[in-house]
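Every value quoted in this text rests on a predicted model; they were computed, and no experiment measured them.
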Amino acid sequence: MSEQNILATIGEVVITDAEVDAFIANMPKEQQMYASHPQFRKQCLDQIISVYLYAKMAEEEKLDETEEFKKIMESARKDILAQLAMNKTLKEIKVTEEECKKFYEENPQHFTKGATVAAKHILVKEEEECNKILESIVNGEKEFEAAAAEFSTCPSGQQGGNLGEFGKGQMVPEFEQAAFAAEIGHVVGPVKTQFGYHLIKVEAKNEASVVAYEEVAERIRTNLLQQKQNEAYTVKAMELRKKYMGE
């Protein structure tokens, strides 16, 4: 939309699409998705108009000459100046690619992905039923996935019992122990847990590994930048205390 598209005028004040866009840009991300919706933009415009109208009323009533107004303005002035000074202190701080790679290489413990398994399961209430299903799978009467769809009380049954990939600590201990100990492609069970009796079929196993640098580079950069900025903020604050407070 054109920035010159005038939407409303209040005295000498002109409100354009650009001001509505700026207003929406300061909203939470989930609201910004409605930026192109005419009714939403109309609501935003109404809010902007209301602010101008109340400001106009305040000027007529000379509220800008009150002590309350002066105190608020001085507080706002202080906050703005402080923010500008902090921005100036921090704006030159950078994190290099070499620093990121050095941190990655010296701290492998932060980037280790634990071992995982990808598995399917069938869950039923009774051990006897679980054994019957196991027998039908072993003797070839039923495919594991078909049996899961027919008998499993877990919602995953509709996906052939597929639980996807999971690591240690994500499943109840009995299930986890059996899954990580099972051979790929073999059906193990019945495994008793608090939910009932399970048959487990492991589809794949992934050993613990270090996450590739490319996957974590941006996270490292963000963390190092924040760390540097915090240090710079603290150092500058101490300098200012010494300069202005004699500490």
Side-chain angles (χ1 to χ4, degrees), residues 1 3 16-37 40-41 43-45 47-48 51 55 69-118 163-173 176 180 204-247:
M1 294 184 179
E3 292 188 3
T16 67
D17 271 318
E19 188 164 353
V20 176
D21 290 336
F23 182 83
I24 294 173
N26 287 320
M27 289 182 162
K29 293 291 184 184
E30 60 269 20
Q31 290 180 278
Q32 291 181 28
M33 63 186 292
Y34 300 108
S36 62
H37 194 286
F40 180 73
R41 293 185 69 84
Q43 292 173 358
C44 293
L45 175 61
Q47 291 182 55
I48 294 170
V51 171
F69 176 82
K70 293 175 183 178
K71 288 180 181 179
I72 293 172
M73 285 298 293
E74 182 55 32
S75 177
R77 177 178 179 275
K78 175 197 65 180
D79 291 342
I80 293 169
L81 286 171
Q83 188 61 55
L84 290 172
M86 283 187 278
N87 291 345
K88 182 179 179 182
T89 299
L90 303 179
K91 72 177 182 178
E92 300 300 329
I93 296 175
K94 306 289 186 218
V95 175
T96 66
E97 186 73 7
E98 289 72 23
E99 289 175 311
C100 292
K101 287 183 176 179
K102 181 180 179 183
F103 184 86
Y104 174 81
E105 292 167 359
E106 293 180 353
N107 298 274
Q109 71 277 11
H110 294 316
F111 310 109
T112 300
K113 182 180 179 181
T116 63
V117 298
L163 294 172
E165 184 179 333
F166 55 88
K168 292 186 177 180
Q170 292 181 260
M171 300 293 182
V172 292
E176 175 188 296
F180 276 89
K205 289 187 175 184
N206 300 294
E207 298 297 328
S209 61
V210 176
V211 179
Y213 171 74
E214 291 72 21
E215 294 182 42
V216 293
E218 193 55 39
R219 173 157 58 94
I220 294 173
R221 188 184 307 280
T222 299
N223 290 341
L224 289 180
L225 180 61
Q226 185 175 36
Q227 182 180 324
K228 279 189 170 187
Q229 288 178 334
N230 288 341
E231 291 171 355
Y233 176 90
T234 301
V235 169
K236 178 57 71 173
M238 292 175 66
E239 290 177 3
L240 295 174
R241 290 179 73 93
K242 184 176 180 179
K243 180 177 180 179
Y244 297 115
M245 298 176 67
E247 294 185 358

Could you tell me the separation between the CZ atom of F103 and the CG atom of N223, rounded to the nearest 0.5 Å? 7.0 Å
Indicate yes or no for a side-chain donor-acceptor contact from K168 to the backbone of E176 under 3.5 Å, with no hydrogens or angles considered. no
In Å and rounded to the nearest 0.5 Å, what is the NZ to NZ distance from K91 to K88? 7.0 Å
Stepwise, does the salt bridge (Lys or Arg N to Asp or Glu O under 4.0 Å) test hold for E99 with R221? CA-CA 8 Å; E99 289 175 311; R221 188 184 307 280; over 6 Å; no
Please check this pair: side chain of K228 against backbone of K94, looking for a donor-acceptor N/O pair closer than 3.5 Å. yes
Salt bridge or not between E74 and R77? Use side-chain N to carboxylate O under 4.0 Å. yes
Measure the spacing between OH of Y34 and CE of M27 and express it to the nearest 0.5 Å. 12.0 Å
Heavy-atom closest pair, residues Q109 and E106: OE1-O, 4.4 Å
With a 4.5 Å limit on heavy-atom distance, are the side chains of E19 and L45 in contact? no
Side-chain donor or acceptor of S75 paired with backbone N/O of K71 under 3.5 Å: no
Drop me the distance from L240's CG to K236's NZ, to the nearest 0.5 angstrom. 6.0 Å
Using a 4.5 Å cut-off on heavy atoms from C-beta on, say whether the side chain of M33 contacts that of F40. no
Pairwise distance CD(E239) to NZ(K242) - rounded to 0.5 angstrom: 9.0 Å
So do V51 and Q47 actually touch side chain to side chain, heavy atoms under 4.5 Å? no
Check: N87/Q83 side-chain N/O donor and acceptor closer than 3.5 Å: yes
Nearest heavy-atom contact between C100 and V95 is SG-CG1, 3.6 Å
If every non-hydrogen atom of A35 is compared with every non-hydrogen atom of I24, which pair is closest and at what distance? CB-CG2, 3.9 Å
For a quick test of reading the model, state the closest non-hydrogen atom pair linking A232 to T89 and the distance between them. O-CG2, 4.4 Å
For E165 and A118, indicate whether the former's side chain and the latter's backbone hold a donor-acceptor pair under 3.5 Å. no
Return the orientation label for the Y213 and Y104 ring planes: parallel under 30°, perpendicular over 60°, tilted otherwise. perpendicular
When you compare the side chain of T116 with that of F166, does any pair of heavy atoms fall below 4.5 Å? no
Rounded to the nearest 0.5 Å, how far apart are CD1 of I48 and CD of Q43? 12.0 Å
Do K113 and N206 have side chains that get closer than 4.5 Å, going by heavy atoms? no
Smallest heavy-atom separation, V216 atom then V211 atom, equals CG1-CG1, 3.8 Å
Quick check: do I220 and H110 have side-chain heavy atoms less than 4.5 Å from each other? no
Between R219 and T222, does the side chain to side chain contact (heavy atoms under 4.5 Å, CB included) criterion hold? Intermediate values first, please. CA-CA 5 Å; R219 173 157 58 94; T222 299; 5.8 Å; no
